[in-house]
Amino acid sequence: MPLTGKEELPVSKLKALVNHLPGAVYRCRGDEHLTLEFFSDEIVNLTGYPIRYFLDDKTSGYAKLIHPEDVEKCRIKTREAISRKEKYEIEYRIVHQNGSVRWVLETGQGVYDTSDQVSYVDGCIFDITQRKETEAALAKTRDEVKTLALVAHNTTNSVMIANASEEIIWVNKGYTQISGYTEEELKGKKIGYSLDGPGCDPEVAARISDSLAKKQPYKETFISHKKNGDQIWLEVDCQPLLDEEGKHLGFMSIENDITDRMKTLQAMEELLQRLTLATNSAEIGIFEIDLSTNEVIWDD
């Protein structure tokens, strides 16, 4: 039968109800020390100390567990709220019996007599350690993301991020400068879109396709094509992106335009070929002596 406005819950049932709440319920006197009168059983799980610990030291048993850096904040906020007859909510740290630090949320308010004097202070203390740790982890992640984004935007290297379907979803300014495409033109293109055309190596394209299918990293050097059709040499380092549980999210590649380097190497190779042809035609022999080992190297 539901309770009417005149009925009261038996003390035993009321205590059982309070002890099943997910927070430590308390009542203190309205004196200078806020002397403890009652703590629910949840305080044991919250602090690691038995109820007797708090009943043996009613004036400061719990206060001793508050982190030293938070003691003054708790005292001021509680007293100010009581004096203004307002509800208070405070987040602070306590030191568990095992030495670990836990974050708690305490909420409470004063109970006043007919002369507006505080008779009791009732409240509840909740363990919010997991929430605070999650917030700290998210804050750290946001800072790391901001830093990485700053690096990616300002690096002269080309940076590209693709989703799990190998579709480009983000590029930095360096990528647009190297490719000649705008960011909007690149979004949705597949990784390897520039490997079609004259001069491209089908074996390289096949290796890249195989690595992407297996969600494996790859490092390749190959001829690519810009938007205007110009050929450039790219040195590409592509890595799969995984979350903390190992789920595949996509790919990130860092690309360097090494066209000038490759042209220099090609020029050196051509020069060496001409020199070899000239010496062979003139029947000129070339040898080299390593003076540290007296090793002699002869050409044909």
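Excluded from the calculations below are hydrogen atoms, water molecules and symmetry mates; all remaining heavy atoms, backbone and side chain alike, are included.
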Exercise for review: Just do the side-chain contact (heavy atoms from CB on, under 4.5 Å) check on I254 and S158 with the steps written out, would you?
Suggested key: CA-CA 6 Å; I254 298 177; S158 166; over 6 Å; no
Exercise for review: Could you please spell out the steps behind the side-chain contact (heavy atoms from CB on, under 4.5 Å) verdict for T78 and L34?
Suggested key: CA-CA 10 Å; T78 303; L34 297 180; 4.1 Å; yes
Exercise for review: Please step through side-chain contact (heavy atoms from CB on, under 4.5 Å) for the pair M160 and M252, ending with a clear verdict.
Suggested key: CA-CA 6 Å; M160 178 270 291; M252 181 184 75; over 6 Å; no
Review point. Would E80 and K77 count as a salt bridge (Lys or Arg N to Asp or Glu O under 4.0 Å) if you check the C-alpha gap in whole Å, the side-chain angles of each, and the deciding distance to 0.1 Å?
Key: CA-CA 5 Å; E80 286 181 351; K77 285 193 174 183; over 6 Å; no
Exercise for review: Kindly indicate, with the supporting measurements, whether the criterion salt bridge (Lys or Arg N to Asp or Glu O under 4.0 Å) is fulfilled by E86 and R84.
Suggested key: CA-CA 5 Å; E86 296 176 350; R84 293 196 296 263; 3.1 Å; yes
Exercise for review: Could you please spell out the steps behind the side-chain contact (heavy atoms from CB on, under 4.5 Å) verdict for Y175 and V159?
Suggested key: CA-CA 6 Å; Y175 194 100; V159 181; over 6 Å; no
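Taking NZ from K187 and CH2 from W170, the interatomic distance works out to 10.5 Å, rounded to the nearest 0.5 Å. Rounding to the nearest 0.5 Å gives a distance of 10.0 Å between CZ of R29 and OG1 of T59. To the nearest 0.5 Å, the span separating CD1 on I232 from CG on D257 amounts to 4.5 Å. Note that the CG atom of D122 and the OG1 atom of T107 stand 11.0 Å from one another [nearest 0.5 Å]. The CG atom of L186 sits 9.0 Å away from atom NZ of K227, with the distance rounded to the nearest 0.5 Å. The distance from the OG atom of S179 to the CG atom of D230 is 12.0 Å, given to the nearest 0.5 Å.
Looking at D243, its side chain does come within 3.5 Å of a backbone N or O of K247 through a donor-acceptor pair. With hydrogens and angles ignored, the 3.5 Å screen pairs a side-chain donor or acceptor of T259 with a backbone N or O of W233. Listed for the E185 side chain is a donor-acceptor partner under 3.5 Å among the backbone atoms of T182. Between the side chain of K214 and the main chain of S209, no donor-acceptor pair closer than 3.5 Å is present. The backbone N or O of R79 sits less than 3.5 Å from a side-chain atom of S83, completing a donor-acceptor pair. Between the side chain of S119 and the main chain of Y112, no donor-acceptor pair closer than 3.5 Å is present. At distances below 3.5 Å, not a single donor-acceptor pair connects side-chain atoms of S253 with backbone N or O atoms of C238.
With 3.5 Å as the limit, one finds a donor-acceptor pair spanning the side chains of E106 and Y92. In this model, no donor atom of one side chain and acceptor atom of the other lie less than 3.5 Å apart for Y218 and Q239. No donor-acceptor contact under 3.5 angstrom links the side chains of H33 and D31, judged on distance only.
Residues F126 and P22 come closest through the heavy atom pair CD2-O, 3.5 Å. Residues F251 and N163 share a closest heavy-atom pair of CD1-O, 4.0 Å. Here the shortest heavy-atom pairing between Y88 and A81 reads CB-CB, 3.5 Å. Nearest heavy-atom pair across S194 and C200 is O-SG, 4.0 Å. Smallest separation of non-hydrogen atoms from E183 and T176: N-CG2, 3.9 Å. The shortest non-hydrogen separation linking Y26 to C28 is CD1-SG, 3.8 Å.
Cation-pi contact between R27 and Y120: present, with separation from the ring centre below 6.0 Å and deviation from the ring axis of at most 45°.
Counting heavy-atom neighbours within 6.0 Å of K263 NZ, excluding the residue itself, gives a total of 12 or less. In the displayed structure, K73 atom NZ is contacted under 6.0 Å by more than 12 heavy atoms of other residues, nucleotides or ligands. Atom NZ of K226 is surrounded by more than 12 heavy atoms from other residues, nucleotides or ligands within 6.0 Å.
When the side chains of ILVMFWY residues are joined at heavy-atom separations under 4.5 Å, either directly or via intervening members, V204 and V236 end up in a single hydrophobic cluster. The cluster map of Ile, Leu, Val, Met, Phe, Trp and Tyr, joined by side-chain heavy atoms under 4.5 Å apart, puts I90 and L36 in the same cluster. Residues V104 and V101 do not share a hydrophobic cluster, defined by chaining ILVMFWY side chains whose heavy atoms lie under 4.5 Å apart. I94 and W103 are members of different hydrophobic clusters when ILVMFWY side chains are connected at heavy-atom separations under 4.5 Å. Both I223 and L265 belong to a single network of hydrophobic side chains, linked directly or stepwise wherever heavy atoms of I, L, V, M, F, W or Y lie under 4.5 Å apart.
Annotation: side chain of I208 is in contact with side chain of L195 (closest heavy-atom distance under 4.5 Å). Counting only heavy atoms from C-beta outward, the side chains of I258 and T221 approach each other to under 4.5 Å. Side chains of R102 and R93 form no contact here, defined as non-hydrogen atoms less than 4.5 Å apart. Using a 4.5 Å heavy-atom threshold, the side chains of P240 and Q216 count as separate.
By the 4.0 Å N-to-carboxylate-O rule, E235 lies close enough to R261 to be salt-bridged with it. Under the 4.0 Å criterion applied to side-chain N and carboxylate O atoms, E167 and K189 are not assigned as salt-bridge partners.
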Output a table of donor-acceptor pairs, distance under 3.5 Å, between side-chain atoms of residues 43-58 and any protein atom two or more places apart or on a different chain; print 'none' if there are none.
unit_1 : atom_1 : unit_2 : atom_2 : d
N45    : ND2    : E42    : OE1    : 3.2
T47    : OG1    : I43    : O      : 2.8
T47    : OG1    : Y49    : N      : 3.1
R52    : NH1    : D56    : OD1    : 3.3
Y53    : OH     : G61    : O      : 3.2
D57    : OD1    : S60    : N      : 3.4
D57    : OD1    : S60    : OG     : 3.2
D57    : OD2    : S60    : OG     : 3.2
D57    : OD2    : K64    : NZ     : 2.9

